[in-house]
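Remember, it's 1-based here, ligands and their atoms both numbered in the order they're listed. Residue indices begin at 1 and follow the sequence shown.
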Amino acid sequence: MSSPGKISPIRDTSAVARAERGLVSIVVPVFNESANLPSLWSRLKPVLDGLDRAWETVFIDDGSRDDSLGILREIAAGEEGRVRVVELARNFGQHSAILAGFKQSRGDIVVTLDADLQNPPEEIPRLIAAIDEGNDVVGGWREERHDQAYRKYASRLHNRLTSLIVGVPMHDYGCMLRAYRRHIVDTVVDCDEKAAFVPALANSFAKRVAEIPVGHDDRASGQSKYNLFSLAKLSLNLITGFSLAPIQLLSMTGIGISMLAVTMAVVLLAHRLIYGPQEEGALWTLFAVLFFFIGMIFLALGLIGEYAGRIYIEVRRRPTYIVRAVHGVSDQPVDSDGD
Ligand code: UDP
Ligand code: MG
């Protein structure tokens, strides 16, 4: 596991061979959405039929306890292989469901969409057009969100944080109406991460990223599957999944406390030299020594954390770099985009 070759810098190309040129895949995670599915399909299908290219839809039933699976299977039965339903064994969460859908999808372009009709399917052609313009990832930006107020504030914070951590600024990382090129989808699937936040992971592999304003509606029926706790969990996953900053903060705090302790000792010494011995001098000196050692303990924890963090980065096995094509070699398949 330690040899650099094992990290597989060049992605396994078998998945690319599966991809079908000119095909658009729509990936929809579904968890207890039986009330929304018929209207979703009655709006999504005409949009797809209106596209100037072939399409497929992959629904992922994320362990629904209602009739979602039955409805999805009925939709698939009427579509002769263009609609597939991935039935997960239990509820694994929206992002895991999307990963399962990514793996099943074959399109050159893959679009994700929520099943509750908050993302208007009518926006899909605009996302595809933006991918055609040469972007690797196109994110929807819900300028006017129809969600509860606390969600909007939490989301604003989440977007700032994600932009900072991923290094790709975006207004709306939470909008799941997004389009990806095949090679991005393949890389995300290859990562096989347990707590992946798909838009952030995808952006970290993209060369060109765009964001277009999209409509946002109230949930057609039912309630959001997220509460404040699950949103906080998602943010924490994101921070620990993308950066070692929390560990580094620990070391920095340690260094800070130790430096303050040294300053305190110097001040105490100067005080003693100028004013002579004081009654509480010994007590303050003890405090300075104590602070110094507390700082050292923080620093030691941070250092141990740094090593643990490095091990974490290695076992996560994200590609160090991704080669899309090698140009100027006649027998090498050149990338479909011709760049
Ligand atoms: N979803 C899922 N698994 C889950 C939670 C949600 O597949 O554990 C799906 C859900 O059915 C919907 C999408 O993910 O299609 C977004 O969920 P939701 O509308 O609850 O999230 P919100 O819009 O409130 O962020
Ligand atoms: Mg929703």
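Note: Phe287 and Phe291 have parallel aromatic rings, judged against thresholds of 30 and 60 degrees for the angle between ring planes. Aromatic ring pairs are classed by plane angle as parallel below 30°, tilted from 30° to 60° and perpendicular above 60°; the pair His171 and Trp141 is parallel.
Listed by number with element, the atoms of ligand 1 under 4.0 Å from a non-hydrogen atom of Arg219 are 18 (P), 19 (O), 20 (O). Taking a cut-off of under 4.0 Å to the non-hydrogen atoms of Glu33, the atoms of ligand 1 that pass are 10 (C), 11 (O), 12 (C), 15 (O). Annotation for ligand 1: atoms under 4.0 Å from non-hydrogen atoms of Asp116 are 19 (O), 23 (O). For ligand 1, the atoms lying closer than 4.0 Å to a non-hydrogen atom of Ala115 are 12 (C), 15 (O).
Here's the thing with Ser224: one of its N/O atoms is less than 3.5 angstrom from an N/O atom of ligand 1. The N/O atoms of Phe31, backbone and side chain alike, include one that comes under 3.5 Å of an N/O atom in ligand 1. For the pair Tyr226 and ligand 1, the shortest N or O to N or O distance does not fall below 3.5 Å.
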Legend entry - Full working for salt bridge (Lys or Arg N to Asp or Glu O under 4.0 Å) between Arg310 and Glu306: CA-CA 6 Å; Arg310 271 157 212 276; Glu306 274 289 330; 3.5 Å; yes
Inset, instruction - Tell me, with the steps shown, if Arg73 and Glu87 meet salt bridge (Lys or Arg N to Asp or Glu O under 4.0 Å). - result: CA-CA 10 Å; Arg73 290 184 65 178; Glu87 178 188 347; 5.4 Å; no
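Using a 4.0 Å cut-off between charged nitrogen and carboxylate oxygen, Lys207 and Asp136 do not count as a salt-bridge pair. A salt bridge links Glu33 to Lys225: at least one charged side-chain nitrogen sits closer than 4.0 Å to a carboxylate oxygen.
Among protein heavy atoms, atom 13 (C) of ligand 1 sits closest to Asp114 OD1, 3.5 Å. Residue, atom and distance of the protein heavy atom nearest to atom 20 (O) of ligand 1 are Lys225 N, 2.6 Å. When hydrogens are left out, the protein atom nearest atom 25 (O) of ligand 1 is Arg151 NH2, 2.8 Å; that is the closest non-hydrogen contact. The shortest contact between atom 9 (C) of ligand 1 and any protein heavy atom is with Pro29 O, 3.7 Å. In terms of protein heavy-atom proximity, atom 8 (O) of ligand 1 is closest to Asn91 ND2, 3.1 Å. With hydrogens left out, the protein atom closest to atom 23 (O) of ligand 1 is Gln118 OE1, 2.8 Å, a heavy atom.
Counted within 6.0 Å of OH on Tyr275, heavy atoms from surrounding residues, nucleotides or ligands total 12 or fewer; the atom is thus considered open. Few gaps surround CZ on Phe205; more than 12 heavy atoms of other groups in view lie less than 6.0 Å from it.
Cation-pi geometry between Arg90 and Phe92 is satisfied (NZ or CZ under 6.0 Å from the ring centre, within 45° of the ring normal).
Under the 4.5 Å side-chain heavy-atom criterion for Ile, Leu, Val, Met, Phe, Trp and Tyr, Tyr180 and Ile109 are members of distinct hydrophobic clusters. Hydrophobic clustering of Ile, Leu, Val, Met, Phe, Trp and Tyr side chains at less than 4.5 Å, counting indirect connections, keeps Val85 apart from Ile60.
Using a 4.5 Å heavy-atom threshold, the side chains of Tyr226 and Lys233 count as separate.
For the residues Asp62, Asp147, Asn227, Asn36, the heavy atom positioned nearest atom 4 (C) of ligand 1 is part of Asp62.
Sorted by chain and number, the protein atoms of type N, O or S within less than 2.8 Å of the Mg ion (ligand 2) are Asp116 OD2, Gln118 OE1.
Thr187 and Asp190 share no donor-acceptor pair across their side chains, judged by distance under 3.5 Å alone.
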